[in-house]
Amino acid sequence: MDVNAARALGAAICMGIGSIAPAIGEGLAVCKTLESMARQPEIAGDLRTTMILGCAVTETTGIYSLVVALLLIFIGVN
Amino acid sequence: MSVVMDAFESFVGVNVWTMLFAWCNLLILYLFLKKILFKPMKNMIDSRQKEIDDMYKNASDAETDANAMKVSYEEKLSHANEESEEILKTALRRAQLKEEEIIREAQLEASRIHERAQEEIELEKKHALSEVKNEVSEMAISIAGAVIGREVSEKEHAEFIDSFIDSIGE
Amino acid sequence: MELEVNGPKVFVRIDELYQMFAGTIADIFGNFGNLITQTTVSLFVVTALLMVLGYIASRKIEKRPGGLQVLVEKVLNMLYDLVEQTMGKHNLKFAPYIGTLFVSCMFGSLIGTTMIFRSTTADLSVTLAYALVTSVMVWYHNIKANGFIGWLKGFTEPIVVMTPMNLISEVAQPVAMAFRHFGNVAGGGVLTSLIYAALAVASKAIFSWLPAYLITFVPPFLQVGIPAFLSLYFDFFSAFVQAFVFCLLTMVYVAGACPPPAEEDNANI
């Protein structure tokens with residue numbers, strides 16, 4: 001197989017599989033946050049801030065896979 | 001050293017010189033901001049907070065003092081009321097006593113006057129009686145003299161009349 | 001679609017060092033001869049801008065504040081409250097460093113939106129440098145509190161067999177922080193340029209009914225408004241959130257190494 005084809009394929013698979021888990025995790029986090037906000041609306045500000053922080057940390061592995069995909073496409077394997 | 005055109009670094013890569021520059025810039029910015037911005041602002045915020053706290057403390061202390069003084073004044077006032085009542089009571093009692101004393105003295109005086117008046121009346125009565133005795137005796141003498149037609153000695157007349165009046169007077 | 005994604009452009013290179021290490025170390029770890037790159041210039045610009053802003057914000061400090069001082073005091077109070085909430089009252093001395101780190105990261109990421117300079121945090125070296133400062137601070141306070149042997153012993157808790165995992169997680173902390181920040185900012189930049197290139201192609205493709213030589217004169221008019229909305233998320237929101245997360249993680253790690261002093265008194269009693 002052509003190197004460029006392999007690189008493109010590798011990048012696509014990496015990004016595709018690597019975006020499943022962070023999305024599910026962040027969706028669960030937002031779901032729980034919404035439930036808590038409905039239970040106790042007066043601390044909604046604190047909950048929102050903590051949710052954003054948690055999502056940013058959970059997104060780390062997704063970002064790792066994005067970086068690997070970019071590496072594959074634009075810099076490539078020697 | 002040379003100036004290079006159109007040479008790019010790798011997209012993901014670690015360059016030690018860039019790290020060094022990043023550390024230097026962070027240090028310079030930290031020292032600058034700490035000296036110029038953070039320290040004076042924190043001092044200002046703290047001193048203002050301390051001023052406000054002092055003002056509040058002074059206000060609350062003044063309020064406590066005012067309350068304490070108010071309580072003591074109210075006590076003194078209630079004491080003053082009691083004292084005035086006491087004074088009034090004593091004055092009233094003294095007045096009552098004096099009233100009774102005056103009445104008693106007046107009664108005593110009145111009874112004394114009454115007695116003295118009675119004595120005087122007795123005296124007057126005796127005096128009047130003796131006067132009447134004398135006049136009656138003179139009249140009787142004159143009448144008797146006129147009747148008898150003779151002049152008797154006054155001394156006999158007097159004895160006669162006295163025994164007559166005494167028998168009437170009893 | 002013409003798109004080139006490159007690292008920062010090198011301006012000044014020391015040829016001797018470049019030749020020494022040219023082929024030996026892998027491309028990832030850079031060439032030690034590149035002295036001044038685009039990122040270095042951006043770093044200096046960001047620092048100068050922040051020094052000017054800091055000077056303007058600190059002029060005319062009065063007891064009864066005017067308009068600008070009220071804003072600055074509000075921001076500073078938010079910072080002090082955040083530090084007190086996360087690290088405890090006894091650690092308030094870290095607040096100036098956290099403030100410096102936050103504005104450095106945020107302005108460093110935002111300065112890439114002006115297409116003149118390259119974002120400072122879009123270079124892995126910069127974020128790795130910031131993360132290593134955090135790690136060194138944590139190690140320093142650990143050693144100061146527990147002594148050198150106590151720090152090394154801390155890796156064997158709770159069980160001795162956990163030591164390799166503790167060591168790996170100790171190394172993984174700064175690497176993860178650096179990669180998170182770098183990936184978000186650099187990935188956002190790459191996606192923004194991808195969108196620009198795609199919109200250029202799209203704006204040329206709309207006029208495909210024209211003869212071929214006229215299409216080259218079509219300006220990429222679709223690039224005018226649409227990337228601005230996306231730039232709101234990728235550049236502004238992402239920069240703010242990533243800088244905030246970086247500072248928050250720094251605070252949490254350093255607070256873990258600096259326990260409150262009252263606990264020691266209770267333990268002694």
Side-chain angles (χ1 to χ4, degrees), chain B residues 1-70, chain C residues 4-16 27-40 43-44 46-47 50-51 54-55 57-58 61-63 65 69 72-73 76-77 79-80 95-97 99-101 103-104 120 123-130 132-133 182 186 190:
Chain B
M1 293 224 244
S2 60
V3 178
V4 183
M5 292 293 156
D6 275 349
F8 291 91
E9 269 200 352
S10 138
F11 183 65
V12 178
V14 175
N15 186 356
V16 185
W17 298 107
T18 313
M19 284 172 79
L20 217 69
F21 280 119
W23 281 327
C24 285
N25 278 318
L26 195 65
L27 188 70
I28 292 174
L29 193 63
Y30 170 63
L31 291 173
F32 182 82
L33 280 182
K34 182 163 162 176
K35 183 161 170 319
I36 299 280
L37 184 65
F38 284 103
K39 255 213 184 87
M41 277 293 182
K42 184 130 176 78
N43 286 341
M44 169 60 53
I45 291 175
D46 281 345
S47 78
R48 195 189 297 137
Q49 190 66 37
K50 202 165 99 67
E51 236 183 64
I52 291 177
D53 283 342
D54 279 344
M55 261 175 22
Y56 273 124
K57 200 165 96 67
N58 281 344
S60 84
D61 277 349
E63 193 180 329
T64 330
D65 280 345
N67 277 341
M69 273 206 279
K70 185 167 125 181
Chain C
E4 257 186 48
V5 171
N6 295 315
K9 190 159 135 178
V10 180
F11 291 138
V12 172
R13 174 193 285 163
I14 302 184
D15 282 318
E16 298 82 22
D27 206 10
I28 290 274
F29 284 102
N31 302 306
F32 290 158
N34 300 330
L35 184 60
I36 298 202
T37 62
Q38 262 180 326
T39 314
T40 317
L43 271 173
F44 279 112
V46 165
T47 311
L50 281 174
M51 295 215 305
Y55 178 68
S58 75
I61 296 186
E62 303 164 15
K63 277 239 185 271
Q69 197 187 340
V72 171
E73 283 199 11
L76 279 183
N77 273 328
L79 173 70
Y80 281 121
Y97 171 66
T100 312
L101 193 63
V103 288
S104 271
T120 60
D123 195 354
L124 186 59
S125 328
V126 174
T127 49
L128 195 62
Y130 292 160
L132 278 179
V133 173
F182 159 72
V190 167

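Throughout, protein chains are lettered first and strands after them, A, B, ... in sequence-line order, and every chain is numbered starting at 1. Values below: all heavy atoms of this structure, side chains included; hydrogens, waters and symmetry mates excluded.
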* To do: Would you mind telling me which of C:L35, C:L124, C:T40, C:V12 has the largest number of heavy-atom pairs within less than 4.5 Å of chain B?
  => C:L35
* Taking B:W23 for its side chain and C:A129 for its backbone only, find out whether a donor-acceptor pair lies under 3.5 Å. => yes
* To do: Check whether C:F11 gets within reach of chain B through its side chain, its backbone, both or neither, counting any heavy atom under 4.5 Å.
  => backbone
* Structure fact -> One option among B:I28, B:L26, B:L33 has the most heavy-atom pairs under 4.5 Å with chain C, and it is B:L26
* To do: Could you check if a side-chain atom of B:W17 sits within less than 4.5 angstrom of a side-chain atom of C:T39, using non-hydrogen atoms only?
  => no
* To do: Name the region of C:L76, side chain, backbone, both or neither, that has any atom closer than 4.5 Å to a heavy atom of chain B.
  => side chain
* Kindly give the heavy-atom pair with the smallest separation between B:L37 and C:S58, and that separation in Å. => CD1-CB, 3.7 Å
* **Side-chain heavy atoms of B:V12 within contact of C:F182, under 4.5 Å** => yes
* **Nearest atoms (heavy-atom pairs only) where C:V126 meets B:T18** => CG2-CG2, 3.9 Å
* Between B:K39, B:M19, B:E51, the one whose heavy-atom pairs under 4.5 Å with chain C are most numerous -> B:M19
* To do: Against chain C, label B:F21 side chain, backbone, both or neither, depending on which of its atoms sit under 4.5 Å from a heavy atom there.
  => both
* Heavy-atom distance under 4.5 Å to chain B: side chain of C:V46, backbone, both or neither? -> neither
* Do C:T100 side-chain atoms and B:L29 backbone N/O form a donor-acceptor pair below 3.5 Å? -> no
* To do: Determine the interplanar angle of the B:F38 and C:Y80 rings, folded into 0 to 90°, and report it as parallel if under 30°, tilted if 30 to 60°, perpendicular if over 60°.
  => perpendicular
* Pairwise distance CD1(B:I36) to CE(C:M51) - rounded to 0.5 angstrom -> 9.5 Å
* To do: Go through the atoms of C:T37 and report whether side chain, backbone, both or neither lie under 4.5 Å from a heavy atom of chain B.
  => side chain
